[in-house]
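Let me begin by presenting the structure, written as structure tokens, before commenting on it.
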Amino acid sequence: MSDVTVEVMEKKLVTNQRPTDAIVGESPLHHADLASIASQGPQEGGVHFCEHKLLGLLTLRCVPLPQQQEEIESLLGVALPMAPLTSVTKDDTSIGKVSVRWVGPDEWLIIVPGDEAFDLETRFFETLSGHFSLVNISGGSTVFDVSGDQVVSMLKKSIPVDLHIREFPVGKVVSTIFAKSGAIVCRLGENQFELVVRRSFADYLWLWVQDASREYGLVVKTS
Amino acid sequence: MFYIYCPHCCEHREEEEFHAAGQAHIPRPLDPDACTDKEWGEYMYFRKNPRGIHHELWVHSAGCRKFFNITRDTQTYEIKEVYKIGEKPSVVANAVEVQNSHTQNSSKTPLENTLESQSGATL
Amino acid sequence: MQHYSGFGLLKHSFSHHENWQRVWRNPTPKKKYDVIIVGGGGHGLATAYYLAKEFGVTNVAVIEKGFLGGGNTARNTTIVRSNYLWDEAAHLYEHSMKLWEGLSQDLNYNVMFSQRGCLNLGHTLQDMRDIERRVNANRLNGIDGEVLDAQQIKEIVPVLDCSDSARYPVMGASWQPRAGVARHDAVAWGFARGADAHGVDLIQQTEVQDLIIEDGTVVGVRTAQYGDIRADKVGCVVAGNSSVLAKMGGFELPLESHPLQALVSEPIKPILDTVVMSNHVHGYASQSDKGDLVIGAGIDGYNGYGQRGSYATVEHTIQAILEMFPVFSRVRMNRQWGGIVDTCPDACPLITETPVKNLFFNCGWGTGGFKATPGSGHVFAASLAKGEMHPLAKPFSMFRFHNGALVDEHGAAGVAH
Amino acid sequence: MSQRNRLQNGGRIDRSKSLTFTYNGKLLKGYAGDTLASALLANGVDIVGRSFKYSRPRGIVAAGAEEPNAIMQVGATEATQIPNVRATQQSLYDGLVAGTTNGWPSVETDLMEYVGKIGGKMMPPGFYYKTFMFPQSLWGTYESYIRKAAGLGRAPQDTDPDIYDKMNQHCDVMIVGAGPAGLVAALTAARAGARVIIADEQNEFGGSLLSSTETLDGKPAAEWIASVVQELASFDDVMMLTHSQVNGYHDHNFLTIQQHCTDQFADRAPNGQIAQRLHRVRAKWVVLATGAHERPLVYGNNDVPGCMVANAVSTYINRYGVAPGIDLVLMTSNDNAYRTALDWHDAGRNVVAVVDSRKNPQGTLVDAARERGISILVGSGVIEAHGSKRVTSVSIAPLNDAGDAVVGAIVKMKADTVATSGGWSPVIHLSCHTGARPVWNDAILGFTPGATVQKQLTAGAINGSFTTANALNEGLSAACEALSHLNLTKPDVSLPATQDIEEGEAMALFHIPHTKPTSKAPKQFVDYQNDVTAAGIELACREGFESIEHVKRYTAMGFGTDQGKLGNINGMAIAAKTLNQTIPQTGTTIFRPNYTPVTFGAIVGRDCGALFDPKRYTAMHSWHVEHGAKFEDVGLWKRPWYYPQGQETMQESLNRECLAVRESAGILDASTLGKIDIQGKDAREFLGRVYSNAWAKLAVGKCRYGLMCGEDGMVFDDGVTSCLAENHFLMTTTTGGAAHVLEWLEIYHQTEWPEMEVYFTSVTDHWATMTISGPNSRKLLEKLTDYDVSKDNMAFMDWKPMTVAGVPARVFRISFTGELSFEINVQANYGLHVWKALFEHGKAFNLTPYGTETMHILRAEKGFIIAGQDTDGSVHPFDLGMSWAVSMQKPFSFIGKRGMQREDCVRADRKQLVGLKTIDPNVVLPEGAQGVLDPKASIPMPMVGHVTSSYWSANLNRSVAMGFVKGGLDKMGERVFYPLVDGRVVEAEICSPVFLDPKGERQHV
């Protein structure tokens, strides 16, 4: 075809969506200029905030049969977390850091380096058998990393799920409401959480996090 | 404010994550064109609306986005059981006192066998 | 019936108010009536009153499982208006409005109908289109209505945030000057007193356990205390419990009963002189004569007979109220409560014959019940008296859900409450 | 005024911290640890308010949440005004400004009192139902006077400077109340490792122990409290909340707690701090240890300042070091209240007499009173208090055995304070909130919690277990029960030793008889705040209001801000007696949330102002802002509405934008349209079921418009769906309908057709969508891509992948303007880059950004509908004249097919969408105008349908409109009239809705 890689595999379309590195993408919080806040804003506070920009985000829909599970594991370098509300993260797969979040009984969110999304998509459609869907949503969501001594307090203002470490251990992931939007929330450490949020709500959530963190102090970091 | 056990997420979540989608088990007629106006109207609009045990369809809209069924007492708001689409309720109206009052949040064991392929959407 | 007046109060003050008559009797039911009304709420009592007074049917009993006016009549936000979109609904509610306008005098009971006007706010272009559409329809139907801009609204309600900085700035509103509020309990009591005076038996604390049906015709009702009470016709006016009664009749209704909540603030000095409603922001408020801000919340999505709803629904409502009235932030919420509203798929009532002969239902008023009380009672009484549905009631047959002739007020903004 | 009622020592106040506050303009002093009420009493303030109906002077009667009279306006500035603050619950702070809410010219001397005295006789309960009826027109006037007289405090006029917050909490055991029962329960649960929240409305834990002189383990109770509090604080999983009212108990053990964070210490929250925080608690188990309120007795003039509840007097003495008077008469029907006489005596004040309704009181406390030489009048009652602004004396009379008649001579005694006790009412409020009905308990003469489906336990006085020993025991056992349900091991907890106090039997007494019948006796108040009297309740019963709910509603009993905490039981008892029934026969008393009033701001938390609702932005939003766009709210989205330049009016902007599109090129940010990725081998079949038209033959690379209907056949959404690959489609929806459509697809897939192999994923946010439209749009696109976008290679309704401005894109040749158009979709992270690049190359074509309004005009010129504007849920595709978008031949009976064939849906005279051409081309019909065929018809006029879309078309130099007309599709060329609000009647001709380029040539170039 033309100058874009287009492959029709399994009678589905895969297109590369990233331009060359000459064109720099703008994450949903681009306008907030977090880098300036990080360098000029407060350096101490109970809540730390960082946007992991321009990652590769893929939604996998599937009710995987054993064979599919194996195929997916070899594609991702990690096994699909089959138990509800679980996740896996592996820093050193062949394509770098890969995270998989359970979203629903037939839905996972896969997070990979931004420039790996298309290749991975392509390999999925080439390799994976049976019924499934894989959708690139890298432009539609962004990843917040929130941490700090008071991060749990901040989150208790924002989401209704129980965040006690016994109920919400490291590695647990939930899809839930976040203020008046939604988020996929994964606990990365006792005081560190990953929030995957939708692009159009990102500014609202950024405002919300600033507001909810005000009494604890907010430190913005760059990734 | 309900605390609802999602049979897919396998834990209780706040009502705010869910949407009620009306009466459960209303299968779409297999041949709509063969229905009379009356039959079609009853499919669309006429409801049991019981005071007491009720089977209803909910969706975990802010969570796993799955629809599932709840058996709930519409008077006490007690949730008697939660079961997946395609499964049948074990608690039904007019049955003798099935559960005592303090077992509301004990998660229902889903029935093993799939009983109905047509569980029914609600409009 | 003892006549009420200021002079009467003065006279009775000399006898320390020891000689006031009972407002209604407490009769033992007869074996048979011409008409039994099941449900002693506002609509049922109004039906009985008009049956006896206007249509000469006085051998009537109202059977109420609790106390008179104890259902949604006791739990609503008391708004009265008639600015409905579709002709059928508009005519019915305007019929009611006209009865409201002389009701205190007609009943010799002050129902405190206060025509302080009602604003339905518009916050989006589509809201404004809907408002124009509705007001135009109202005017051509003979119902008062105007479209106001934000400046005019600000003059009527100075505490309303009409600024551009609001999340959903107020673009305009429809304004029905004749709309207002009334004292809800007084409506039930006034109708009850009037019905009683015309010979209607008001039977309280008596639950109808079954309908007695012979050959497809209803012939009476069954109660625990008084056994079977027979009647030529039975009219069920039981709002949220209609489906329960319908089941006794062997049929289903196009109805669902949902929790609907309301709340009041503590009483404060006069600050809100009219009724303000916003469908877009999802809140509405008025101020009672006692000073409470009376606020209506949204309907919960699930079926419920518990007379309570979800806290989140109340939260959203108060958010909306503060969005509209930021200065209420330091005012405090005193009490909240819930009712059971019977909602139809098209947001219009059922005033209807049923599959059972001589059995009639009047229900499905959703959030519109209180304002319709006199009109609903009047047309239902006419229908029961003549055995044929009143022309204003005809469009509201339950059978419209078979042929598709819905009166869909959902499409028209400003109908939700 | 000095603190003349302040005792020399004692109390839990900090005498080293003197505080100054303002009351009705006067500066007064108090101490840290005082409440506003205790400080007022210390300063000898008698009158704190005027009653609602009769304007009678009122004083403080209680010491807690049950106080009905001391309702204050608090606030030092306009913005910080708080209406209706209960002085007994407001901590004193330095600089507090408080005032009374009623009384003119002052609360001390209120002229309305005279009106009340004279007119009051004409104001029995419900008097307003009996008058003000004639003439109807005057009701508004009467009403304005009533409104002015009512209403207690006032709302501020300025914006609230305070911040409120909400927090979600989860715990194993939520303990409500930190009295002896609650503290033991908390300690037990905490030691077992449970996650505990314990909340109390007071400024410190301890509950009833704070007000009494009781000892635990032989030491002052305060020491035991301190040790428990200290231990609780050492657990990570225990949350201790003081100044925190649990106000609502909702289904499935959800509770709300209003925590006062700073507003008990300051007029406004110090910089950035939270004034109040509302905790939304989900508890596995709840222990209600809410205690009890003492019931006052009802007697003549029992509202004169100086009449108080017995325990409140003790509380002021023991906790605040304030004796609110000199000469006390205590009236009681039980032993417990003797403590007040002892406390008063021990404070060095004069106990005039204890008046006991019982013939032969016996018990430890009675003996103690006798030992102190306190005079006890048995078998008697205080039948009336005397005095106007303060009690000066009381009339005491012997009563019969039943306590319902005076049977001897009246003795008058001098006193300035009357304390009464009729026993205790358990605080069952929270237990009622989820629908449980309380049950009457004859043994304690009160209601206790009824059976519930909640996971709720109760301990202490709420159960009628009034002694400290019982409270401690029940606290322990409630905690143990909760622990066993939670599978936690019961820890070792040893309870402190309590004093052994034997109490004699109490007498059931509520209403003290007078020598005159109730109707003629001096007013005997039951509900102070609403001026409900015993005579009023009797009258209500006589008039036929026999259900307690009727009595309450008719008299307004229990409807005040105290919600009848003091009065309800007395009122029920009086009603029961009048009706010759028992109290349980008369009914029960149900409480609703809130237990005490909750600040609206606290309920709202941060969901207000800028955070009231999210604002959704597209990737190009910053550009729109920079270029002066006005925005339209569509759902949560902020969409550019139009882009005014210079001093343009809106219409001028629209004219410019419209002309630019048709003459050269315009660009629209269409990113907000809903987009759903659909994959699977059954995707195509699924589309055929949910859309009204056919999808079987849509080829890869092609796009098609579809209508989506409900089962009733009515249109609810529309959009273009493209075939990306044989098993892969991209659906677009309306902006507002996106979420609903996705859920619609899911519900059918999950519940009706789970066997179909298809998945739906929202990609709305993923793609930035920009539509370039106009005759030069191809030329513009050609500058940014190497791809062949010629007509031959890319026909109308084709989509192609290509690179635009260096970014991989999917470009759809679809048109909503009727012009040659390309809808460019790129991953949103690159949206702004491509958008800017288009403008860089667009100068040559006068590329003009246009907003939603211009889009609406351009599509209206073409007769394209907008779902939601030209549809309202009551029209099917045929009504819209869109039979071309319905395929009745499809094998599967698609959603909507059956519905649109119902009897009423096939009527010929249904309202149908048509074009409307005003006879005067310069007149733009208002949207929403209603059409009639005969403008001279009388009202009500038969209407034939309304105008749905109407605009000035700069391109056509005339107005264009669409609207519904009954049977309109068969009425082409006929006239319709639109009578407008301003009196004009606009005449229009029914025409095709396609005003421009009916053959569609412009979009096919």
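Because the structure is a prediction, the values reported are computed rather than measured. Below, chain A is the first sequence line, B the second, and so on; all start at residue 1.
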| query | Under the side chain to side chain contact (heavy atoms under 4.5 Å, CB included) criterion, do E14(B) and H170(D) qualify, and how do the steps go? | reply | CA-CA 11 Å; E14(B) 292 296 328; H170(D) 298 260; 4.1 Å; yes
When rounded to the nearest 0.5 angstrom, what is the spacing between [atom1] in [X] and [atom2] in [Y]?
{"X": "M1(B)", "Y": "H252(D)", "atom1": "CE", "atom2": "NE2", "value": "11.0 Å"}
{"X": "D712(D)", "Y": "W40(B)", "atom1": "CG", "atom2": "CH2", "value": "10.0 Å"}
{"X": "E78(B)", "Y": "Q454(D)", "atom1": "CD", "atom2": "CD", "value": "8.5 Å"}

| task | Answer yes or no: are there more than 12 heavy-atom neighbours, outside K890(D) itself, under 6.0 Å from its atom NZ? | result |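 Yes, NZ of K890(D) has more than 12 neighbouring heavy atoms, counting only those of other groups under 6.0 Å.
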| request: Answer yes or no: does atom NE2 of H740(D) have more than 12 heavy-atom neighbours from other residues, nucleotides or ligands under 6.0 Å? | output: yes
Can you check whether [X] reaches [Y] side chain to side chain, under 4.5 Å on heavy atoms?
{"X": "Y77(B)", "Y": "T434(D)", "result": "no"}
{"X": "F67(B)", "Y": "E743(D)", "result": "yes"}
{"X": "V59(B)", "Y": "I747(D)", "result": "no"}

What's the shortest heavy-atom distance between [X] and [Y], and which atoms?
{"X": "D37(B)", "Y": "E903(D)", "result": "OD2-N, 2.9 Å"}
{"X": "T76(B)", "Y": "V453(D)", "result": "O-CG2, 4.0 Å"}
{"X": "Y45(B)", "Y": "R902(D)", "result": "OH-NH1, 3.7 Å"}

| Those residues that, when tested against R280(D), pass salt bridge (Lys or Arg N to Asp or Glu O under 4.0 Å) (two or more places apart) |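 R280(D) satisfies salt bridge (Lys or Arg N to Asp or Glu O under 4.0 Å) with E16(B), E315(C) once adjacent residues are dropped.
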| task | With sequence neighbours left out, write down each residue that passes salt bridge (Lys or Arg N to Asp or Glu O under 4.0 Å) with D73(B), or none if nothing qualifies. | result | none
| Side chain, backbone, both or neither: which part of Y249(D) has a heavy atom under 4.5 Å from chain B? |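 No part of Y249(D) comes within 4.5 Å of chain B.
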| field | Contacting region of L742(D) [heavy-atom separation from chain B under 4.5 Å] | value | side chain
| Would you call R898(D) and D33(B) a salt bridge, using N to O less than 4.0 angstrom? |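 No salt bridge links R898(D) with D33(B).
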| task | Determine, for R28(B) against E711(D), whether the closest basic-nitrogen to carboxylate-oxygen distance falls under 4.0 angstrom. | result |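 The answer is yes: the pair qualifies as a salt bridge.
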| message | Before you tell me yes or no, could you show the steps for Q750(D) and K84(B) under side chain to side chain contact (heavy atoms under 4.5 Å, CB included), namely the whole-Å CA-CA distance, both residues' side-chain angles and the distance that decides it to 0.1 Å? | response | CA-CA 10 Å; Q750(D) 292 183 32; K84(B) 292 178 184 172; over 6 Å; no
| Contacting region of S61(B) [heavy-atom separation from chain D under 4.5 Å] | side chain
| Selection from H19(B), Q75(B), R65(B) maximising heavy-atom pairs under 4.5 Å formed with chain D |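 So the answer, after comparing H19(B), Q75(B), R65(B), is R65(B).
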